Chemist: 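Pasting in a structure now, in structure tokens, and then I'll have a few things to ask.
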Amino acid sequence: QVQLVESGGGLVQPGGSLRLSCAASGSIFSIYHMGWYRQAPGKQRELVAAIASGGSTNYADSVKGRFTISRDNAKNTVYLQMNSLKPEDTAVYYCSANIKPKSYLPARDYWGQGTQVTVSS
């Protein structure tokens with residue numbers, strides 16, 4: 001029973017900021033990689049940012065310098081700070097995490113339900 005719940009999405013004007021949060025709950029033994037993906041209408045889902053358990057990060061070229069991913073391991077939470085938002089950032093943002101639910105079970109990827117981010121005037 002692992003669940004990921006995103007929050008923080010909404011409507012913002014171009015140039016504005018949003019901070020997305022994703023909290024994992026349920027049966028969790030350990031969490032490895034965590035990341036954010038997004039999918040715009042008519043487009044393929046793409047990786048936005050990822051962060052490893054040790055803190056190393058990876059960003060899509062389109063968001064470098066504008067977005068920052070971070071995590072709080074004590075809270076089983078990953079964040080995405082989004083600054084200087086552009087209309088092309090409009091999409092449903094999904095949280096993903098590689099989680100080992102029990103010591104005797106293998107780790108696998110889990111996904112949140114998604115949160116809508118709309119950047120428009």
Side-chain angles (χ1 to χ4, degrees):
Q1 298 185 24
V2 175
Q3 185 178 27
L4 300 180
V5 179
E6 301 101 333
S7 62
L11 174 64
V12 297
Q13 294 185 3
S17 298
L18 282 175
R19 193 188 196 200
L20 305 183
S21 299
C22 173
S25 62
S27 180
I28 300 173
F29 181 75
S30 60
I31 302 178
Y32 302 105
H33 291 81
M34 305 185 82
W36 290 94
Y37 294 74
R38 68 186 181 187
Q39 188 166 28
K43 293 187 177 180
Q44 185 178 358
R45 183 176 297 188
E46 64 175 347
L47 174 68
V48 178
I51 184 167
S53 59
S56 61
T57 58
N58 185 41
Y59 297 92
D61 288 341
S62 60
V63 307
K64 286 182 179 178
R66 300 189 298 121
F67 291 10
T68 302
I69 189 171
S70 61
R71 62 191 287 171
D72 185 336
N73 292 329
K75 295 182 178 180
N76 292 333
T77 300
V78 62
Y79 306 94
L80 185 67
Q81 178 66 48
M82 304 186 293
N83 299 326
S84 301
L85 283 162
K86 304 174 180 179
E88 49 263 46
D89 294 319
T90 295
V92 177
Y93 284 70
Y94 297 90
C95 173
S96 181
N98 188 249
I99 298 174
K100 186 178 179 64
K102 296 286 187 180
S103 62
Y104 52 88
L105 294 175
R108 76 169 185 87
D109 290 341
Y110 292 84
W111 292 84
Q113 78 289 343
T115 185
Q116 178 70 48
V117 172
T118 302
V119 185
S120 177
S121 298

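Only a predicted model underlies this, so the values are computations on that prediction, with no experimental measurement involved. Counting from 1, the numbers follow the sequence of the chain as shown.
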Chemist: Salt bridge or not for K64 and D61, using N-O below 4.0 Å?
Modeler: yes
Chemist: According to a 4.5 Å side-chain heavy-atom criterion applied to Ile, Leu, Val, Met, Phe, Trp and Tyr, with indirect links allowed, do V63 and L85 form part of one hydrophobic cluster?
Modeler: yes
Chemist: How close do S121 and P14 get, heavy atom to heavy atom, and via which atoms?
Modeler: OG-CD, 3.6 Å
Chemist: Quick check: is Y93 connected to V12 through a chain of hydrophobic side chains (ILVMFWY, heavy atoms under 4.5 Å apart)?
Modeler: yes
Chemist: For G114, does its backbone N or O pair with a side-chain atom of E6 as donor and acceptor, under 3.5 Å?
Modeler: yes
Chemist: With respect to I99, which candidate in F29, Y32, Y110 satisfies the side chain to side chain contact (heavy atoms under 4.5 Å, CB included) definition?
Modeler: Y110
Chemist: Within the side chain of S84, is there an N or O that forms a donor-acceptor pair under 3.5 Å with the backbone of R66?
Modeler: no
Chemist: Are the side chains of F67 and L18 in touch, meaning some heavy atoms are under 4.5 Å apart?
Modeler: no
Chemist: Treating Ile, Leu, Val, Met, Phe, Trp and Tyr as nodes and any side-chain heavy-atom pair under 4.5 angstrom as an edge, say whether Y79 and W36 lie in one connected cluster.
Modeler: no
Chemist: For the residue pair V117 and M82, establish whether any side-chain heavy-atom pair is separated by less than 4.5 Å.
Modeler: yes
Chemist: Inspect the surroundings of CD in E88 and state if more than 12 heavy atoms from other residues, nucleotides or ligands are less than 6.0 Å away.
Modeler: yes
Chemist: Between T90 (side chain) and V119 (backbone), is there a donor-acceptor pair under 3.5 Å?
Modeler: yes
Chemist: Which donor-acceptor pairs under 3.5 Å do side chains of residues 43-60 form with protein atoms, sequence neighbours excluded?
Modeler:
{"unit_1": "E46", "atom_1": "OE2", "unit_2": "R38", "atom_2": "NE", "d": "2.8"}
{"unit_1": "E46", "atom_1": "OE2", "unit_2": "R38", "atom_2": "NH2", "d": "3.3"}
{"unit_1": "Y59", "atom_1": "OH", "unit_2": "I69", "atom_2": "N", "d": "2.9"}

Chemist: Does a side-chain heavy-atom distance below 4.5 Å link S27 with K102?
Modeler: yes
